[in-house]
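Along the sequence shown, the residues carry numbers beginning at 1.
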Amino acid sequence: MKSIFEEMGGTYTLGEDEMYYPDLELPVDEEPHYGKYGRMRKAYIKEHRPWLYTELLFGGKLVSHLNSIDDTAHQRMELLIQQIQEQQGVNEELKSRDQMGWVGACNNIRNAAEEIVLNELIYC
């Protein structure tokens, strides 16, 4: 009599201890290319949303989710930085007049944009 696992196409392998173990594999997902934001999202859902992490992992969608979050976060960062620079008048003219002021303004803008992205995409 076959087990339900065998009826569904599962197989077993004989171990060194003479016990049979099911051949289990996680579904194959796309290749990971995520970076900083994908790693941050992974750490967040692993610690604060373990049910979501487990569902994505066993469903074979974790890597695609992290890739998507990372890509979206980078696009959103670029857009926000550009928009805030235009609003605050941080441009090449300011750069040529006051380089240190321009660098400080760009750093502040980048940090503000990153805070927005983290709240919108990573910690939601």
Side-chain angles (χ1 to χ4, degrees):
M1 178 173 182
K2 287 187 173 184
S3 68
I4 295 173
F5 181 69
E6 290 174 312
E7 287 176 3
M8 295 177 62
T11 59
Y12 292 94
T13 300
L14 182 62
E16 292 179 8
D17 58 355
E18 303 298 321
M19 297 280 295
Y20 283 95
Y21 296 97
D23 298 324
L24 301 175
E25 294 181 11
L26 290 174
V28 178
D29 205 356
E30 65 184 69
E31 288 295 316
H33 67 265
Y34 57 87
K36 173 184 176 180
Y37 299 111
R39 289 190 309 272
M40 290 173 78
R41 176 68 176 168
K42 181 179 180 182
Y44 177 76
I45 63 173
K46 193 173 189 178
E47 183 174 340
H48 298 284
R49 306 258 195 284
W51 55 270
L52 176 61
Y53 178 79
T54 304
E55 182 180 322
L56 291 170
L57 179 65
F58 291 136
K61 297 177 182 170
L62 179 63
V63 173
S64 61
H65 173 74
L66 298 175
N67 285 341
S68 172
I69 290 289
D70 193 70
D71 294 341
T72 305
H74 282 290
Q75 291 170 359
R76 185 83 170 115
M77 279 288 292
E78 289 176 17
L79 180 64
L80 282 170
I81 288 172
Q82 181 183 13
Q83 289 175 345
I84 296 171
Q85 281 179 337
E86 288 174 5
Q87 272 183 343
Q88 295 183 1
V90 178
N91 53 26
E92 292 298 317
E93 181 185 330
L94 176 62
K95 184 178 179 180
S96 63
R97 268 188 303 145
D98 181 16
Q99 283 186 340
M100 293 305 290
W102 178 82
V103 169
C106 285
N107 286 339
N108 287 339
I109 289 169
R110 190 185 74 247
N111 290 335
E114 185 168 61
E115 189 67 31
I116 292 168
V117 167
L118 292 177
N119 286 324
E120 286 181 351
L121 297 172
I122 308 301
Y123 305 134
C124 62

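Among residue pairs with one or both ends in residues 69-78, those qualifying as salt bridge (charged side-chain N to carboxylate O under 4.0 Å, His left out) are Arg76-Glu120; sequence neighbours excluded. Within the structure, salt bridge (charged side-chain N to carboxylate O under 4.0 Å, His left out) contacts touching residues 107-117 (residues at least two apart or in different chains) are Lys36-Glu114. Applying the ring pair (Phe, Tyr, Trp, His ring centres under 6.0 Å) test to every pair with at least one member in residues 89-124, sequence neighbours left out, gives these pairs: Tyr44-Tyr123. Contacts classified as salt bridge (charged side-chain N to carboxylate O under 4.0 Å, His left out) and involving residues 38-54 (residues at least two apart or in different chains) are not found. Legend: side-chain hydrogen bond (donor to acceptor under 3.5 Å, both in side chains) pairs involving residues 79-88, not counting sequence neighbours: none detected. Among residues at least two apart or in separate chains, ring pair (Phe, Tyr, Trp, His ring centres under 6.0 Å) pairs with a member in residues 66-99 are Tyr37-His74.
No donor-acceptor pair closer than 3.5 Å links the side chain of Asp98 to the backbone N or O of Leu94.
Listed by chain and residue number, Ile4 satisfy the side chain to side chain contact (heavy atoms under 4.5 Å, CB included) test with Met8 (two or more places apart in sequence, or in another chain). A search for side chain to side chain contact (heavy atoms under 4.5 Å, CB included) contacts involving Glu93 returns Asn91, Arg97, not counting sequence neighbours. For Ala113, the side chain to side chain contact (heavy atoms under 4.5 Å, CB included) partners two or more places apart in sequence, or in a different chain, are Met77, Leu80, Ile81. In this structure, Asn108 has no side chain to side chain contact (heavy atoms under 4.5 Å, CB included) partners at least two apart in sequence or on a different chain.
Environment of CD in Glu7: crowded, with over 12 heavy atoms of neighbouring residues, nucleotides or ligands closer than 6.0 Å.
Residues Leu62 and Ile45 form a side-chain contact, since some pair of their non-hydrogen atoms from C-beta on lies under 4.5 Å apart.
Connectivity analysis of hydrophobic side chains (ILVMFWY, heavy atoms under 4.5 Å, direct or indirect) links Leu79 to nothing; its cluster partners are none. Using a 4.5 Å cut-off between side-chain heavy atoms of Ile, Leu, Val, Met, Phe, Trp and Tyr, Met100 forms no hydrophobic cluster with any other residue.
Atom OG1 of Thr72 sits about 10.5 Å away from atom CG of Asn67, to the nearest 0.5 Å. Between the OG atom of Ser64 and the CD atom of Glu31 there is a distance of 12.5 Å, given to the nearest 0.5 Å. A distance of 13.0 Å separates OG in Ser68 from NZ in Lys61, rounded to the nearest 0.5 Å.
Between Cys106 and Val90 the shortest heavy-atom distance is SG-CG1, 3.9 Å. Of all heavy-atom pairs spanning Leu118 and Met40, the tightest one is CD2-CE, 3.4 Å.
Taking hydrophobic clusters as Ile, Leu, Val, Met, Phe, Trp and Tyr residues chained together by side-chain heavy-atom distances below 4.5 Å, Met19 does not share a cluster with Leu14.
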